[in-house]
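This report refers to the structure that appears directly beneath it.
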There are 2 protein chains.
Amino acid sequence: MPELGARAEFLLKALVERYIAEGQPVGSRTLAKEAGLELSPATIRNVLADLEEMGLVRSPHTSAGRVPTERGYRIFVDTLLTVRPLQSAQIRRYEHELSHEDNPKQLLENASHLLSEVTQLAGLITLRRRNQSVALRQLDFVGLSAERVLVILVTQDGEVQNRVIHTERQYSPAELVQAANYFNETFSGLPLADVKRALLTEMQKTSEEMQRMMQLALDMARRVLLDEKQDIDDLMVSGESKLMDFPELGDIQKLRRLFDAFTKKRDLLHLLERSLRAGGVKLFIGSESGYEALEGCSVVTAPYMQDGRVVGTLGVVGPTRMPYEQVIPFVDVTARLLSGALSSLGR
Amino acid sequence: MPELGARAEFLLKALVERYIAEGQPVGSRTLAKEAGLELSPATIRNVLADLEEMGLVRSPHTSAGRVPTERGYRIFVDTLLTVRPLQSAQIRRYEHELSHEDNPKQLLENASHLLSEVTQLAGLITLRRRNQSVALRQLDFVGLSAERVLVILVTQDGEVQNRVIHTERQYSPAELVQAANYFNETFSGLPLADVKRALLTEMQKTSEEMQRMMQLALDMARRVLLDEKQDIDDLMVSGESKLMDFPELGDIQKLRRLFDAFTKKRDLLHLLERSLRAGGVKLFIGSESGYEALEGCSVVTAPYMQDGRVVGTLGVVGPTRMPYEQVIPFVDVTARLLSGALSSLGR
DNA sequence: CTTAGCAATCGCATGTGTAGAGTGCTAATT
DNA sequence: AATTAGCACTCTACACATGCGATTGCTAAG
């Protein structure tokens, strides 16, 4: 990659900013006036030709100005972008939106809405994977009918999960209560990870008569806690329809593919998963994501945490031409605020 | 409304059917061949002119054929439509899709998906209002932190609802268990309606020392069961993006308004509510719904039941030009199948 | 290295012409 | 009285031409 000079950088920055603001190809004349450099359009044309050669800008056609390419955007956000830190008054307002919520699921939904409303793009958030460090509060067994038992799992943060399992024989309410008591006495207050481990190791132990209820409890608990399916992440999307306002996504075909990706969720989940590991904001510009449906779109993501552990990812999707200098810090802040709100749930 | 003759009716029917099938305005020549009547195009033109005068068809422009108006569609579905009853093999397939599901919420989602997949339109379903005749199974109180208690409500059909409430003082786990026991001993097995009534009437009774726990339980139960907000219906939409394939909805503006209606939900909920009372399939053609967002769209709905009581509505949304003769019976069948599946949940 | 000048290119809007589809009307036919 | 053939008319869709404006690349001068 040939180093580009300070002037070329400056002009690239000016061009991208202008294009993001106006949505029109930017010509040499405009740039000459806009940039503030004392240069004639002709000189600027030379520089632009260089940038085009490097694949950072391109002309839609001969007599149009230039628009950034994906690589151009990439250089822009990596090395030229000046992010505006958010006003602390704003931050407090957003925090307020998130703090008044007891229900963890609802909290995530609020965060997604907030992302969409503030950026006017589509908000994304993965339901967090069951945090293995969260403590188990209690397990309940409720007999629904012969051989069908409803298992209710409550964690320290107030999240309730439930699932119906089928048993080989009918259990009386008393048996179920007793089984739950045994189980809770042993495991309540322990992190889910520890409970799981215990469930796996206790698998083989002999069943003494005295422990019959405990065996039952362990068995039912296993079928809920160790079920892989429960761990599959899910995705929530908010404000998709806002994307229809962008003229660059005006093509119905493209829009259809994008919206399909929102319902299918699989590809987006993979994408969001990729940004789980590294902390901080991650950007996928256009085809960098590798998914055709996201052609012409950028995704800005950030992982969020609960009690110091990364448990999910949030972000926004919008056209490649989006105001990165505002979106990036906002996604960052939202992830932090949500992490704070989630972590205070268990207290 | 002047009675239209048998021939006019026949031609209207042919015209609508042809238009639904092809999506193009239908001319007199086409209709002469299609209809099988031994009539010349000129004669048909005369009839079409009459239909136009009555407001049942219209010309997009001078040299195009005719297209049904909303009133035309209305006459068509009310008096001319010949619905094809579904094959029983098909019905069994659909039933199969719905029967293997223990979780009530998931069941509704499956129904919505089924609607969308089979009709290739957008599927709608209201989450059912809490069925007041379903029996309460049990109530659990789980202390989350000082002064925050998680209340878990389990009904006979295996549905779990939960809510965090704030108390004035901290309760020990033992107190909470005791309170729940009192409550469940008294109310478990009773229909929710009865429980609610009891909660309201017992409000005023004096609190004897012996009953302190019961008072606590009643108080908490009230705050969950009598909360109006819980009763607000919610709406699920599936396969919205399929609507983007219809050329008549190709206008992005229109599409945007429609998708906004899907997220706002309010208007659609009102519409679906209207069809709660009467049994059987209801149709809203174009502006009949009264909502601008549904311009050019029809909604086909049917109420569904649980244990003999209407608890919600399902249906589809699509362009006015939809294959009613298939959609109507399918919506009807889906409502019946779902009703059956829901009713067998409690057993 | 920068700039002015200039021909060249292209999109876009506008206008024109033509073919095709379908209509309404009138007069002839049954 | 109902039906039909004939015909002028209207409108769209499409193809093609034209002019305008914007912007470029190139060249030669500063």
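A note on names: the letters A, B, ... follow the listed sequences, proteins ahead of strands, and every chain is numbered from 1.
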Taking any heavy-atom pair under 4.0 Å as a contact, classify [X]: base, sugar-phosphate, or nothing.
| X | answer |
| --- | --- |
| A:Gln24 | nothing |
| A:Ser28 | sugar-phosphate |
| A:Ala42 | base |

Any donor-acceptor N or O pair under 3.5 Å, side chains B:Ser28, B:Arg45: yes
Short side-chain donor-acceptor distance under 3.5 Å, B:Thr301 and B:Ser275: yes
From [options], nucleotide with atom closest to [X] side chain:
| X | options | result |
| --- | --- | --- |
| B:Arg7 | C:dT23, C:dT2, D:dT3 | D:dT3 |
| A:Leu48 | C:dG24, C:dT3, D:dT24 | D:dT24 |
| B:His61 | C:dT23, C:dT3, D:dC11 | D:dC11 |
| B:Ser40 | D:dA22, D:dT4, D:dG25 | D:dT4 |
| A:Ser63 | D:dG25, C:dT3, D:dG21 | D:dG21 |

In whole angstroms, how far is the [atom2] atom of [N] from the [atom1] atom of [X]?
| X | N | atom1 | atom2 | answer |
| --- | --- | --- | --- | --- |
| A:Leu11 | C:dT2 | CG | P | 11 Å |
| A:Arg58 | D:dT24 | CZ | P | 14 Å |
| B:Leu15 | C:dG22 | CG | C1' | 13 Å |
| B:Asp50 | D:dT3 | CG | P | 11 Å |
| A:Glu52 | D:dC26 | CD | P | 11 Å |
| B:Leu51 | C:dG24 | CG | P | 11 Å |
| A:Ile44 | C:dT3 | CD1 | P | 9 Å |
| A:Arg45 | C:dC1 | CZ | C1' | 16 Å |

Return no unless some side-chain N or O of [X] is found under 4.0 Å from OP1 or OP2 of [N].
| X | N | result |
| --- | --- | --- |
| A:Arg66 | D:dT24 | yes |
| B:Arg29 | D:dA5 | no |
| B:Thr62 | C:dG22 | no |

Near-ring test A:Phe76/A:Tyr73, centroid separation under 6.0 angstrom: no
B:Lys13 and B:Glu9 ion-paired at < 4.0 Å: no
Candidate pair A:Arg66 and A:Glu52, rule salt bridge (Lys or Arg N to Asp or Glu O under 4.0 Å), full reasoning: CA-CA 9 Å; A:Arg66 304 305 214 280; A:Glu52 184 150 10; 2.7 Å; yes
Which residue lies more 5' along DNA chain D, comparing A:Pro25 with A:Asn46 via nearest heavy atoms: A:Pro25
